[in-house]
Amino acid sequence: MRQLPYRHVDFTDVPVPFAAPGGIVATSRPHRFRAPLTRRRSLAVTAALAAVCGAGLTQPTAAHADAAADRAALAQWWAPVNFQDVDSTGETALGGKSDYITSYDYDGDLNGRNNWENTSQFPLAAHVYYSVVQTPSFSYLLYTYFHPRDWSDGVLDNYQEDLTEHENDAEGVLVVVANDGSAHGLLKAAITVAHSNFYSWVPAGGDFTSGQESVDGTLKLQGDPHDDGHGRPFTTQQPNTHAAWAEGYLSQERSQYASGDGIVYYPGATAEVPSGSDDRDVQYTLTDVFAANGMWANRTLTTLFATTNNFAGDDGSNPYGATCGAGGVLGPANGACDTDAANPPWAWDDGDDLPGRGYLATNPAELVWDYFDWPGKPSAPDLAYTWDQYNGITS
């Protein structure tokens, strides 16, 4: 395994590598708690942290996946069930199709600047991207939900909704699994991405509690009718902006799941296309972020990425219908269309927490150590990564 120095680094310009050779950098961190659905504030209490690397839980490591097939199987086992609320109204809704999840190359090319236009022209087969990062104690499974559009219906009727639009959108969830010696480990927690805010969740009966961020609620589990039915993390996404949450937390999404329209995506062996805006059984397939010619490999491809931290997206004309920005204002006028606005998972950032930009993907051990407390938690993050392809650690 390879040990990374414990340090706090901003990934604003260069997402990797975050670990420079050399010694250990000790930091101090303010102790913060957060009320649900509010912006978090740093409190004026600091705790000196020991500059000790490699401290961690003493746990069996049989669940640690050394082979690519084992890591893929672990990601498949814990892949979430995702309820995507659908909005069928608005100039850029496409009857709800603008809320379907898919791949960034759903239209057969690696051009991010035509994804808005092509949404109406191609079927949106369901794909979810994933990556696996591991230490001896934990496996960190990151799932990315991609949409060709972040759009607006011109009405502010959802939490954190805004009236701007942009081409391409990526939100997701980090699933934290303890390597407890069992075949699939033990689910401990999840962190969802809602634009520039992260929210933390713990399954009922779990032993993870609030750390320097408060736990926002309970992570429900949901079975998949296409396998043995074991409990999986159950997430939900709002329409339009696609902010991700634990299912059942927002009252509007509870209502939509119970009696509204929306799509329930299940992990499976087939990338299915929803039959319409209210399809409660759509299978998605997992795609490795590090697949050959995949997302990570193409991060410097300028047709797909404007920078290594931003998907390429423009505000150009649309020969097939409404342009980006048209949905933000009711009537004939156009609203705002932001360009190059969507971030890949290695550039996700909660603007007011302490872990650096991209840590949810590239350095999850430090982020989870910051967010949660648990029995036997070490005095410093366990950065002895055994697998972290974002930083070239593969042994």
Side-chain angles (χ1 to χ4, degrees), residues 81-104 106-107 114-128 145-171 194-195 234-245 247-266 271-284 313 318-338 341-342:
V81 176
N82 186 48
F83 173 63
Q84 173 63 69
D85 190 5
V86 172
D87 184 353
S88 300
T89 66
E91 192 174 352
T92 56
L94 297 177
K97 190 177 181 182
S98 291
D99 287 321
Y100 296 1
I101 65 172
T102 190
S103 60
Y104 55 75
Y106 71 93
D107 53 359
N114 63 12
N115 280 342
W116 179 279
E117 295 88 338
N118 286 341
T119 304
S120 63
Q121 303 301 300
F122 292 83
L124 300 184
H127 298 269
V128 171
Y145 306 130
F146 181 87
H147 299 76
R149 295 182 175 186
D150 180 304
W151 65 285
S152 174
D153 61 1
V155 180
L156 295 177
D157 55 358
N158 284 312
Y159 181 71
Q160 287 196 358
E161 187 175 6
D162 60 65
L163 298 178
T164 62
E165 297 184 315
H166 58 81
E167 192 165 35
N168 303 315
D169 190 26
E171 315 288 341
H195 317 308
F234 193 11
T235 59
T236 189
Q237 289 184 273
Q238 294 175 227
N240 312 121
T241 62
H242 311 129
W245 311 86
E247 168 55 26
Y249 185 62
L250 295 181
S251 60
Q252 183 163 335
E253 300 314 317
R254 287 199 305 271
S255 174
Q256 288 296 308
Y257 178 70
S259 58
D261 58 357
I263 300 167
V264 180
Y265 288 103
Y266 293 100
E272 296 181 334
V273 178
S275 60
S277 62
D278 191 25
D279 189 338
R280 298 305 176 104
D281 187 357
V282 177
Q283 292 186 65
Y284 69 80
N318 181 7
Y320 310 117
T323 60
C324 176
V329 177
L330 297 178
N334 283 351
C337 176
D338 296 332

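Quick note: numbers below take in every heavy atom, side chains included, and nothing from hydrogens, waters or symmetry partners. Being a predicted model, the structure only gives us computed values, none of them experimental.
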Between V81 and V264, is any pair of side-chain heavy atoms under 4.5 Å apart?
yes

Is the side chain of R254 donor-acceptor paired with the backbone N or O of Y249 at a distance under 3.5 Å, no angle test?
yes

Intermediate values then yes/no, side chain to side chain donor-acceptor pair (under 3.5 Å), S152 and N240
CA-CA 5 Å; S152 174; N240 312 121; over 6 Å; no

Any Q238 side-chain heavy atom under 4.5 Å of D85 side chain
no

Quick one: ring-ring contact (aromatic ring centres under 6.0 Å, His included) partners of H166, sequence neighbours excluded?
none

Are the side chain of Q84 and the backbone of I263 linked by a donor-acceptor contact shorter than 3.5 Å?
no

Without swapping roles, check the side chain of S255 against the backbone of S251 for a donor-acceptor pair under 3.5 Å.
no

Go through V282 and Y100 one step at a time and tell me if the side chain to side chain contact (heavy atoms under 4.5 Å, CB included) criterion holds.
CA-CA 11 Å; V282 177; Y100 296 1; over 6 Å; no

Identified side-chain hydrogen bond (donor to acceptor under 3.5 Å, both in side chains) partner of E165 from the options T241, T323, T92:
T92

Looking at T164 and C337, would you say the former's side chain and the latter's main chain have a donor-acceptor pair under 3.5 Å?
no

Under 30°, 30 to 60°, or over 60°: which ring-plane class applies to H242 and H147, parallel, tilted or perpendicular?
parallel

Could you go through N168 and Y104, starting from their C-alpha distance and side-chain angles, then the distance that decides it, and tell me whether this counts as side chain to side chain contact (heavy atoms under 4.5 Å, CB included)?
CA-CA 8 Å; N168 303 315; Y104 55 75; 5.7 Å; no

Got I101 and H127 here, is their nearest side-chain heavy-atom distance under 4.5 Å?
no

Determine whether P239 and E253 make a side-chain contact, defined as any pair of heavy atoms from C-beta on separated by less than 4.5 Å.
yes

Is the closest side-chain heavy-atom distance between L94 and W151 below 4.5 Å?
no

If we check side-chain contact (heavy atoms from CB on, under 4.5 Å) with L124, which of these qualifies: N118, T119, D99?
T119

Between A125 and A271, what is the shortest heavy-atom contact and its length?
CB-O, 3.7 Å

Taking atom types as modelled, is there a side-chain donor on D107 or Q121 under 3.5 Å from an acceptor on the other?
no

Do you know the tightest heavy-atom contact between D87 and D153?
OD2-OD2, 2.6 Å

Treating E171 as the side-chain partner and A243 as the backbone partner, does any N or O pair qualify as donor plus acceptor under 3.5 Å?
no

Kindly say whether N115 contributes a backbone atom to a donor-acceptor pair with the side chain of E167 at under 3.5 angstrom?
yes

Can you tell which of Y265, W245, Y257 makes a ring pair (Phe, Tyr, Trp, His ring centres under 6.0 Å) with F83?
Y257

Polar side-chain atom of Y106 near backbone of A126 as donor-acceptor pair, under 3.5 Å:
no

Which atoms form the tightest heavy-atom contact between D261 and S277, and what is the distance?
CB-O, 3.7 Å

So how far is it from W116 CH2 to D169 CG, rounded to the nearest 0.5 Å?
10.5 Å

Rounded distance (nearest 0.5 Å) linking atom CG of N82 with atom CZ of F234:
8.5 Å

